[in-house]
Number of protein chains: 2
Amino acid sequence: MGSDGVAEKLRAGAVPTLEMVAAHAGVSRATVSRVVNGSPKVTPDVTEVVQRAIEALNYVPNRAARSLASRKTQAIALIVPESAARVFADPFFASVVQGIALHLADTDYTLNMIIESESQSGKTRRYLLGGNVDGALVVSHHTGDHSYAQLSRTLPVVFGGRPLSDTESDNYFIDVDNQHGAETAVAHLVASGRTTIATIAGPQDMPPGLDRLAGWREVLTQHGMDTELFEVGDFSPASGVTAMKRLLAREPKIDGVFAANDQMAIGAYSAIREAGLRIPEDIAVIGFDDDIYGATATPALTTVHQPSVEMGREMARVLVKLIEGEPVDTLTKLKTSLVVRASA
Amino acid sequence: MGSDGVAEKLRAGAVPTLEMVAAHAGVSRATVSRVVNGSPKVTPDVTEVVQRAIEALNYVPNRAARSLASRKTQAIALIVPESAARVFADPFFASVVQGIALHLADTDYTLNMIIESESQSGKTRRYLLGGNVDGALVVSHHTGDHSYAQLSRTLPVVFGGRPLSDTESDNYFIDVDNQHGAETAVAHLVASGRTTIATIAGPQDMPPGLDRLAGWREVLTQHGMDTELFEVGDFSPASGVTAMKRLLAREPKIDGVFAANDQMAIGAYSAIREAGLRIPEDIAVIGFDDDIYGATATPALTTVHQPSVEMGREMARVLVKLIEGEPVDTLTKLKTSLVVRASA
DNA sequence: GTGAAAGCGCTAACAG
DNA sequence: CTGTTAGCGCTTTCAC
């Protein structure tokens, strides 16, 4: 009965199943399963016979069946909450995804990318709660938006970027050390002899905006310098132009400026030139992010590099550990580094 | 027996199963399944009772079980074959992925992103052949590399970009109309009075390189103009510089140049300026791609826009149709459009 | 160490 | 139109 059918399929060249491998190797399905899952208690001889059968049949385990029986999916969701278009235009995001995918390639986990269109946020929640994945990764570049925070009570979740409020202390975050990065940049300005250093800050309702401003303030304070010279932008080039103009109007003696991101720094370039000043001779400029805008600008922008690929890798690493029950830190901070080019 | 256990679980607040919904609604599991899958032959009354039970229990179907029973995965693989780093730095690729994800969000399919690291190409093949996905999408920007061509005999596959050779005629492709785009660009140059039009072609072993050169040649031929003025680059800015210099050395009277991509066009900018010529007064320049390099250059580059998001969307749309057995065209060509800015 | 048996949660004939 | 009956392919106790 059963084995006849199997023998038949074996010959038919159908998609090989564990049962067929078992028949081919002359062992039980349980044993094949053990070999496939690397169980230690299987005789080497048997293991080899099974391995051979697997290769002979070109057997590949069926994911769905395995998932159903083991109650694990071996899949991880990558949630992209912000407006899709904006997120994908962001090179930072692309690098993070790259890092995630690279790390996952070394594991048995699969990456399920989900673009969260607001029109169907319920769909995403259902997907995540429906046992379709073992864990989720949430990327939200600049915004501190963590509307998925509650999710973590049901499912392992790792966020990219720190939360705005610390009430969500039971969540896991991978963050870039924004404040330290900003400090490095401003310290560079100070070290190169600049004495009137302004900053174009990011939105003060976003963690990176807050932290980078704090870094600027910290260094100036240490050097007993004026800490009032800042204007807030929204991370767009246009806001960089406006902010720089206001800064120049307030204090014409400015000889150094730290912008909270590269795009605003490029905006500042325009305002500075319009005022008839030169970069870096009259005003040194440093940005933050190390994106394509700054790299291709003239003069090439000195900026703070964000370890974006590394961030993705770390997010994936932490999530996998979390899923597998290993202990991990609640907050991981990644180091930034100053990329000195021509603008400062 | 059975129903007692179910009633118990119902109270216990365990993850709801179809069986629990059936018990709650007082119908059979089959009926619940029909309602969930939108079968037309269920009485409205019954449907409603079931729906209510589903909501009451907050039931979500288990994907693995459904997949196992129906022998469908409702998942699509996105394969990224080229060196991951390069691909992700490419804004074109990011947009394509965006388009794919956007279309899939409207369907019941899930996107599995796979970065194909050469170290484990076998893993990818096994994954695809192991019945883990219902179909695959292969993106390869400029290269005509379709090493996955054979796959399509086993699994529905849709490629982005046309194949280099036409031997793979049983495969499905979504391509951009490179030749027509190039023709539009060159026609624009001709229409604006340019008489000595050169081109910086892309690699001649890549479809876009070939097609864009063909477009240039076609228009010049139509106008009885010289068709010898071309140099081949490798799509990098540096190769654009070199090619432009050679072109200028060969023919100083050049007053228009069409580059096969924006990055080479920007390279040409340097060479042109170095020769003491102005853009667009002395030489009009047009690129191809409409990427960030051209948009932020000075003067802003006139270029041919690639419908990248649309390409992703189309790839996903075609693959889903293919999976569901609907007829689709073997080759879909997407229209490009000329973006006139300051350089021509 | 290995096999037998019992499901995992759902779909899909097949009756009725 | 609805219920019954079998599995889908694999893991996992529990005996042997």
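The figures that follow rest on heavy atoms only: side chains count, while hydrogens, waters and symmetry mates do not. Below, chain A is the first sequence line, B the second, and so on; all start at residue 1.
- Rounded to whole Å, atom P of C:dG3 lies 14 Å from atom NZ of A:Lys41.
- B:Asp329 and B:Tyr172 share no donor-acceptor pair across their side chains, judged by distance under 3.5 Å alone.
- Under the 3.5 Å distance criterion, with hydrogens and angles disregarded, a donor-acceptor pair is assigned to the side chains of A:Arg63 and A:Thr110.
- The shortest distance between the side-chain N/O atoms of B:Thr31 and the OP1/OP2 oxygens of D:dG3 is below 4.0 Å.
- Without hydrogens or angle criteria, B:Asp175 side chain to B:Lys333 main chain gives no donor-acceptor distance under 3.5 Å.
- Judged as a side-chain hydrogen bond (donor to acceptor under 3.5 Å, both in side chains), and not counting sequence neighbours, the contacts of A:Glu48 are A:Arg52.
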How does protein reach along nucleotides 10-16 of chain C, written 5' to 3' as B (base within reach of a heavy atom under 4.0 Å), S (only sugar-phosphate), or - (no contact)? BBBB---
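- Phosphate contact (OP1/OP2 of D:dG9, side-chain N/O of B:Arg71, threshold under 4.0 Å): present.
- Minimum heavy-atom separation, A:Val15 to A:Met20: O-SD, 3.8 Å.
- Within the 4.0 Å cut-off from OP1 or OP2 of C:dG1, not a single side-chain nitrogen or oxygen of A:Thr43 is found.
- The CG-C1' distance, from A:Leu57 to D:dC10, rounds to 16 Å in whole Å.
- In summary, the side chains of B:Arg66 and B:Asn37 do present a donor paired with an acceptor at a separation below 3.5 Å, with no hydrogens or angles considered.
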